[in-house]
Amino acid sequence: MTRLLQAWDELVEQSSLLRLIDLHLRGAGQVMFQNNPLTGLLFLLGIFWGAIASGNPAIAVGAVVGLVVATVTAILLQSDEVSLRQGLFGFNGVLVGVAVPTFLVMNPATWFLLVVGAAVSTVAMLAVSQVTKLWGVPALTFPFVLTTWFLMLAAYSFGHLPVRGLGPPALPVPAAAAVSHLEPSAVFLLTAWIKGIAQVFLLNNLVTGVIFIAALLVSSIWAAAFAVAGSIVSVVVALMLGASAADIDAGLYSFSPVLTAIALGSVFFKPSWRVALFALLATVFTVIAQGALDAAVAPAGIPTFTAAFIFITWLFLLPKVNLEPHRHEPLKDGILTGK
Amino acid sequence: MTRLLQAWDELVEQSSLLRLIDLHLRGAGQVMFQNNPLTGLLFLLGIFWGAIASGNPAIAVGAVVGLVVATVTAILLQSDEVSLRQGLFGFNGVLVGVAVPTFLVMNPATWFLLVVGAAVSTVAMLAVSQVTKLWGVPALTFPFVLTTWFLMLAAYSFGHLPVRGLGPPALPVPAAAAVSHLEPSAVFLLTAWIKGIAQVFLLNNLVTGVIFIAALLVSSIWAAAFAVAGSIVSVVVALMLGASAADIDAGLYSFSPVLTAIALGSVFFKPSWRVALFALLATVFTVIAQGALDAAVAPAGIPTFTAAFIFITWLFLLPKVNLEPHRHEPLKDGILTGK
Amino acid sequence: MTRLLQAWDELVEQSSLLRLIDLHLRGAGQVMFQNNPLTGLLFLLGIFWGAIASGNPAIAVGAVVGLVVATVTAILLQSDEVSLRQGLFGFNGVLVGVAVPTFLVMNPATWFLLVVGAAVSTVAMLAVSQVTKLWGVPALTFPFVLTTWFLMLAAYSFGHLPVRGLGPPALPVPAAAAVSHLEPSAVFLLTAWIKGIAQVFLLNNLVTGVIFIAALLVSSIWAAAFAVAGSIVSVVVALMLGASAADIDAGLYSFSPVLTAIALGSVFFKPSWRVALFALLATVFTVIAQGALDAAVAPAGIPTFTAAFIFITWLFLLPKVNLEPHRHEPLKDGILTGK
């Protein structure tokens with residue numbers, strides 16, 4: 001695999017067209033933090049499969065259009081070339097391009113909305129990064145979430161933006177009485193955690209989930225391992241707290257915890273037992289946050305997208321906790337002393 | 001015009017009373033970024049006309065009271081004198097003073113609310129500036145919006161703050177079915193874009209809009225040009241996306257885009273074709289954001305005020321994009337290189 | 001009193017168990033900014049009294065569990081030892097531990113929620129402090145509010161988290177018609193302002209309020225004085241604006257203004273007449289903000305907790321206004337010059 005990527009890198013150096021393709025593919029890969037064109041290609045494949053299987057091919061077209069518009073906008077704005085080459089201006093655009101056809105009926109006005117949204121996602125990436133770099137944390141997928149919340153909410157004001165599967169806005173209701181429970185079977189658990197990975201791109205499809213795991217594997221075994229572990233943990237916690245069985249099965253309690261687990265377990269800290277425990281607490285709390293945000297956005301009639309992942313990952317990155325193995329030396333007064 | 005202002009400046013240097021009047025007038029002018037006492041005077045004139053024409057003279061009184069209270073609070077808090085002289089502590093106060101009588105019935109309790117709100121708008125200006133200067137962007141009218149959201153929401157908890165034209169709180173409804181459309185006539189388009197400029201001060205009045213355009217003209221031709229262009233763009237985009245005809249006609253889709261266009265086109269960047277295109281994208285997205293925020297605040301029953309302008313202008317200022325004309329030199333690998 | 005605390009401090013130096021107890025007690029004391037173990041002990045006593053008197057002893061158990069879990073989490077994360085010793089990682093945990101049993105029925109799932117929430121409150125304290133230290137202001141109780149909003153909202157998604165006294169979610173209604181008024185008697189006023197202090201820990205109990213005042217007195221006469229003054233001001237303003245008599249009587253308009261008054265009057269500024277006036281404006285606006293936030297969170301069906309105190313205290317701390325007595329020298333042009 002390494003050799004294949006090396007050969008590709010050499011080809012890329014010799015052709016500006018291939019270079020353009022390369023940075024678009026890396027843009028797709030960065031949705032799950034992988035600066036890897038093959039991962040990006042497999043992500044797009046998974047999106048195409050899921051889009052066609054669900055009878056909504058506009059999702060596949062939207063993904064590509066969003067990716068290209070966001071990347072070209074970054075080029076026109078003369079954005080930092082290193083970030084550009086790593087695909088850091090593409091991943092928010094792909095997600096905008098997937099989200100719009102998932103929740104709105106496509107017509108000239110909604111395609112216009114998609115293109116404007118993808119362009120603005122690049123401006124938002126630049127803007128959000130200016131703020132988060134002061135905090136010493138990355139922008140994550142917040143530019144996508146911020147931009148797409150505007151696009152979705154706009155459907156409640158503009159008559160030419162018809163909705164499909166968005167809302168309806170509703171006041172939350174205590175779940176104790178309302179939620180339907182279920183004895184989880186082995187099949188249920190298996191499909192839930194694989195679909196949880198597919199839902200990172202808003203797709204409710206088993207095959208897409210398997211393709212996404214393969215896409216992570218070709219880039220980083222740790223990323224794949226934390227993705228799978230994060231999805232399993234999220235299903236267990238959601239069952240334990242009594243979430244709706246249909247939502248768990250569709251992977252809706254898993255996509256944010258999956259991203260939290262990858263980010264904290266394999267990207268921003270070096271994998272270790274201390275890191276795994278820290279990531280576990282974050283992953284568990286992301287499940288709680290997912291349920292919480294579902295209720296918070298219900299009156300506005302919009303999806304949470306990956307907001308639970310973003311807010312909780314920021315919360316756990318901001319402290320800049322030192323998770324290196326503790327030195328073997330006597331505790332001071334029974335209290336571990338930092339540094 | 002320049003000579004008249006010079007004569008005024010000389011008079012001001014000789015009298016502390018005139019100096020006090022001067023900084024109040026500049027405070028009114030700063031609502032649309034103009035550090036110009038004549039612009040401020042014309043803005044106040046436009047407010048008086050609109051207030052009296054709508055049968056609600058308390059709006060005019062409120063504007064003056066808000067302006068004075070906010071400015072005096074800044075003096076008592078020993079705020080930075082340069083900012084004070086430029087009117088930077090007055091513009092949020094004027095807007096608080098206009099907003100309260102527009103949405104609440106005036107009585108002793110609501111006048112108390114107005115005075116406290118105007119004083120707090122100065123504290124908020126100092127506070128918000130501390131945060132936004134870390135980001136390298138100005139506070140814009142966020143101190144007004146933040147303060148007045150508290151004042152409006154309070155009307156839902158306190159019995160002595162009766163509402164007029166506020167709310168009622170409601171869950172958003174997809175617009176596709178609900179919105180009434182209209183074939184726009186030339187008259188409709190003309191009144192819509194002029195009222196859009198009047199609505200910067202929450203006034204639905206054609207004459208006020210014309211006075212405001214004159215007020216900008218005496219200070220900056222570019223500001224007036226971008227205001228007019230921003231208003232036209234906003235009406236076209238709102239029609240294209242299928243917004244409510246009544247809201248477009250009242251200028252409700254235009255006041256925020258007008259401010260975005262002035263800010264990005266003429267204040268924080270030097271006018272040029274690249275800047276105009278960047279400002280155009282921002283202006284279009286401000287229309288989308290206006291529709292989005294209308295839906296987002298609907299369950300709380302409060303107006304968006306200029307929030308769409310503030311959030312989108314921050315989004316487009318934060319990246320600190322270099323919009324100087326591109327040097328004429330060969331592209332590198334088909335990609336424009338920054339710096 | 002001073003001698004008693006000195007003797008305690010000496011004992012503490014000689015025993016690591018006592019040191020652990022000491023930092024837990026200071027953690028409880030820090031809820032009202034007091035780095036004082038006796039204040040913390042009295043706060044816990046007041047909580048126990050209020051919990052048992054209201055027939056909900058789980059509140060007392062929750063307070064202790066939350067305090068211990070938050071503090072132990074801080075130790076495991078090797079947090080800054082000076083902050084740890086002052087109890088700065090305990091106060092958010094106590095509040096989480098009080099809030100969960102107040103609004104949710106306790107069962108294995110809600111106890112799990114409480115423990116996870118208390119641990120996350122420490123991560124949130126570290127995270128929020130990273131952001132607020134850029135602004136030059138303290139985190140206050142925002143880590144508690146943020147964490148507990150997630151916990152409460154989660155009850156609307158998870159079936160095993162049954163609510164008691166939470167919500168129901170509702171759209172706000174203009175208060176002018178709805179609110180029931182009352183001629184305030186002397187007894188009403190007295191109980192309202194003492195309960196306002198008890199409500200800092202969410203308790204509606206007169207004796208608890210008296211214990212809390214005593215707890216402040218043993219640490220700082222100024223803190224106690226500003227707490228009492230803040231509570232009286234809040235009751236007067238709430239009556240003047242026409243708030244619900246039942247809510248005033250329960251202290252629900254007072255707990256946030258009490259904290260604002262202590263913070264601005266006695267903790268972050270040195271008490272003086274200028275400071276008292278500045279704190280007065282902040283306290284009055286905290287009452288308005290309390291009513292506003294009650295309406296804003298109503299559709300989500302969650303309590304505001306101390307959000308009004310946090311937001312308004314940040315607003316008044318951020319400007320870093322110089323409130324030292326003004327030098328006696330001639331005004332320049334009728335305007336006080338700073339510095």
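The analysis underlying the following values was restricted to heavy atoms, covering all of them including side chains, and did not include hydrogens, waters or symmetry mates. Letters go in sequence order (proteins before strands), and every chain restarts at 1.
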Among residues at least two apart in sequence or on other chains, which ones pass salt bridge (Lys or Arg N to Asp or Glu O under 4.0 Å) with D9(B)? R26(B)

Centroid separation F316(C) to F278(C) less than 6.0 Å: yes

Looking at F285(C), Y253(C), W135(C), which one has more heavy-atom pairs under 4.5 Å with chain B than the rest? F285(C)

Using heavy-atom distances under 4.5 Å, tell me whether V123(B) contacts chain C through its side chain, its backbone, both, or neither. both

Interface moiety of P168(B) toward chain C, non-hydrogen atoms closer than 4.5 Å: neither

Side chain, backbone, both or neither of P299(C) within contact of chain B (heavy atoms, under 4.5 Å): side chain

Would you check if the side chain of T132(C) reaches a backbone N or O of V137(C) as a donor-acceptor pair within less than 3.5 Å? yes

Checking heavy atoms, do the side chain of L113(B), its backbone, both or neither come under 4.5 Å from chain C? side chain

Can you tell which part of A155(B) gets under 4.5 Å to a heavy atom of chain C, answering side chain, backbone, both or neither? backbone

For L146(B), is it the side chain, the backbone, both or neither that has a heavy atom under 4.5 Å from a heavy atom of chain C? side chain

Test item: side-chain donor near acceptor, Q290(C) and T304(C), under 3.5 Å: yes

Can you say whether L134(C) sits under 4.5 Å from chain B via the side chain, the backbone, both, or neither, judging by heavy atoms? both

Examine whether an atom of T147(B) lies under 4.5 Å from a heavy atom of chain C, and if so say whether it belongs to the side chain, the backbone or both; otherwise answer neither. both

For the interface with chain C, which of A154(B), A300(B), G301(B) has the highest count of heavy-atom pairs at distances below 4.5 Å? A154(B)

Short question: side chain of K133(B), backbone of V131(B) - any donor-acceptor pair under 3.5 Å? no

Working for side-chain contact (heavy atoms from CB on, under 4.5 Å), residues L171(B) and L171(C): CA-CA 8 Å; L171(B) 294 176; L171(C) 294 175; 4.3 Å; yes

Could you tell me which portion of L281(C) (side chain, backbone, both or neither) has an atom closer than 4.5 angstrom to a non-hydrogen atom of chain B? side chain

Do any N or O atoms from the side chain of S244(C) and from the backbone of D247(C) form a donor-acceptor pair under 3.5 angstrom? yes

Between V297(C) and chain B, with a heavy-atom cut-off of 4.5 Å, which part of the residue counts as in contact: side chain, backbone, both or neither? neither

Stepwise side-chain contact (heavy atoms from CB on, under 4.5 Å) test for T122(B) and V69(B): CA-CA 9 Å; T122(B) 289; V69(B) 169; over 6 Å; no

For chain B, which candidate among I312(C), L315(C), D294(C), L317(C) shows the most heavy-atom pairs at distances under 4.5 Å? L315(C)

Can you tell me if N56(B) and T102(B) form a side-chain donor-acceptor pair at under 3.5 Å? no

